[in-house]
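Note sheet for the following structure.
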Protein chains: 2
Amino acid sequence: MERNTQQRRAILAALEVTKRPLSVQEILDIASSDCPGLGIATVYRNVKALLQDEKLSPVELPGGSVLYELPGHHHHHHFSCRKCQKVYDIFDCGLNLHNLVPSGFKLEEHEILLSGVCEACAH
Amino acid sequence: MERNTQQRRAILAALEVTKRPLSVQEILDIASSDCPGLGIATVYRNVKALLQDEKLSPVELPGGSVLYELPGHHHHHHFSCRKCQKVYDIFDCGLNLHNLVPSGFKLEEHEILLSGVCEACAH
DNA sequence: ATACTAATGATAATAGCTTCTCATTATCAA
DNA sequence: TTGATAATGAGAAGCTATTATCATTAGTAT
């Protein structure tokens with residue numbers, strides 16, 4: 001059976017309170033204030049379990065880092081700050097790219113990654 | 001001084017012939033037919049040097065893999081095949097996303113990554 | 001052709017991140 | 001409460017990608 005531990009509650013609380021995608025290390029740092037002594041292995045274990053239960057969504061960034069956020073949002077994009085490395089959710093999606101970022105944010109670059117099946121593999 | 005070795009020629013030839021972004025491992029595999037015995041360390045060394053000389057451009061994918069392609073193209077996007085994992089260049093960019101992919105290709109997903117400076121860091 | 005030395009190939013070492021191990025702790029059904 | 005055991009923390013181990021080491025090879029100026 002699955003136990004409702006202090007550690008798991010602190011991890012979920014960190015994600016709920018922060019409202020943006022977090023790395024494993026960020027989850028550890030934030031949840032540690034609720035739960036002193038929290039170990040990195042426990043964060044990894046819980047993140048893995050939460051992903052399998054679909055209580056957490058991965059956000060994969062170019063460069064290799066993976067962040068996690070609570071699911072339930074509909075389609076949205078992400079804004080990555082060049083200076084602080086934080087990643088913010090962007091909900092509006094009219095594809096006028098400059099309108100996507102919140103006021104005060106400066107959009108400098110964007111990347112579009114398309115995926116699907118290429119011609120050679122379509123058969 | 002910089003020497004024009006058989007290995008470097010084979011590495012550049014692999015990128016010229018293939019006309020799509022390649023991973024270090026793919027470069028090794030393809031260039032090995034021109035240059036049997038080619039070592040992975042040599043590919044890393046040459047890729048690093050070519051990047052510094054801006055004779056090669058990195059293509060960073062969500063999930064962490066980094067591919068390399070010859071520069072000189074103007075702004076373009078990439079199409080990643082779900083089945084064969086190959087990445088193709090997409091040159092047309094009208095932002096009608098379905099028009100971006102070549103005929104015969106099936107567009108299933110796209111990701112947009114915006115980046116810049118967030119409000120908190122703008123000051 | 002020769003000498004100098006940059007570049008190479010094989011492999012050891014490193015780095016960063018993630019998972020495993022295991023003794024201990026804490027949750028929860030009864 | 002208590003007993004069974006899932007979950008934890010600490011650190012070892014594993015993994016993957018990249019870089020360093022070093023004896024040997026090969027490009028280049030002469």
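A, B, ... follow the sequence lines: proteins, then strands. Residue 1 opens every chain.
The interatomic distance linking Arg45(A) (CZ) with dC20(C) (P) rounds to 10 Å, in whole Å. Here dT28(D) presents its P atom at 10 Å from CD of Glu2(B), a figure rounded to the nearest Å. Between the C1' atom of dA17(D) and the CG atom of Leu22(B) lies a distance of 17 Å, rounded to the nearest Å. Protein atom CG of Asn4(A) is 12 Å distant from nucleotide atom C1' of dA7(D), rounded to whole Å. Atoms CG (Leu38(B)) and P (dT8(C)) sit 9 Å apart, rounded to a whole Å. The distance from atom CD1 of Ile27(A) to atom P of dC17(C) is 14 Å, rounded to the nearest whole Å. dA6(C) atom C1' lies 4 Å from atom CZ of Arg3(B), rounded to whole Å. Atoms NZ (Lys48(A)) and P (dC17(C)) sit 18 Å apart, rounded to a whole Å.
Looking at Leu67(B) and Leu22(B), their side chains never come closer than 4.5 Å, going by heavy atoms from C-beta outward. Looking at Leu50(A) and Arg8(A), their side chains come closer than 4.5 Å, going by heavy atoms from C-beta outward.
Judged purely by atom type and a 3.5 angstrom limit, Ser33(A) uses its side chain to pair as donor or acceptor with the backbone of Ile30(A). Under a 3.5 Å cut-off, the side chain of Ser32(A) and the backbone N or O of Cys35(A) do not form any donor-acceptor pair.
Dashed line: the shortest gap from a side-chain N or O of Gln25(A) to OP1 or OP2 of dG16(C) is not under 4.0 Å. At dT25(D), none of the side-chain N or O atoms of Gln7(B) fall inside 4.0 Å of OP1 or OP2 (strictly under the cut-off). Taking only side-chain nitrogens and oxygens, Tyr44(A) never comes nearer than 4.0 Å to OP1 or OP2 of dT19(C). Proximity of Thr5(B) to the phosphate of dA26(D): no side-chain N or O atom is located under 4.0 Å from OP1 or OP2.
Each of Gln6(B) and Val24(B) was matched to the nucleotide of DNA chain D holding its nearest heavy atom; the match closer to the 5' end belongs to Val24(B). Annotation: of the two residues near DNA chain C, Asn46(B) and Ala41(B), the 5′-most nearest-nucleotide partner is Asn46(B).
A salt bridge does not link Arg9(B) to Glu16(B): none of the charged nitrogens lies less than 4.0 Å from a carboxylate oxygen.
Ile40(A) comes within contact range of no nucleotide atom at all, as no heavy-atom separation falls under 4.0 Å.
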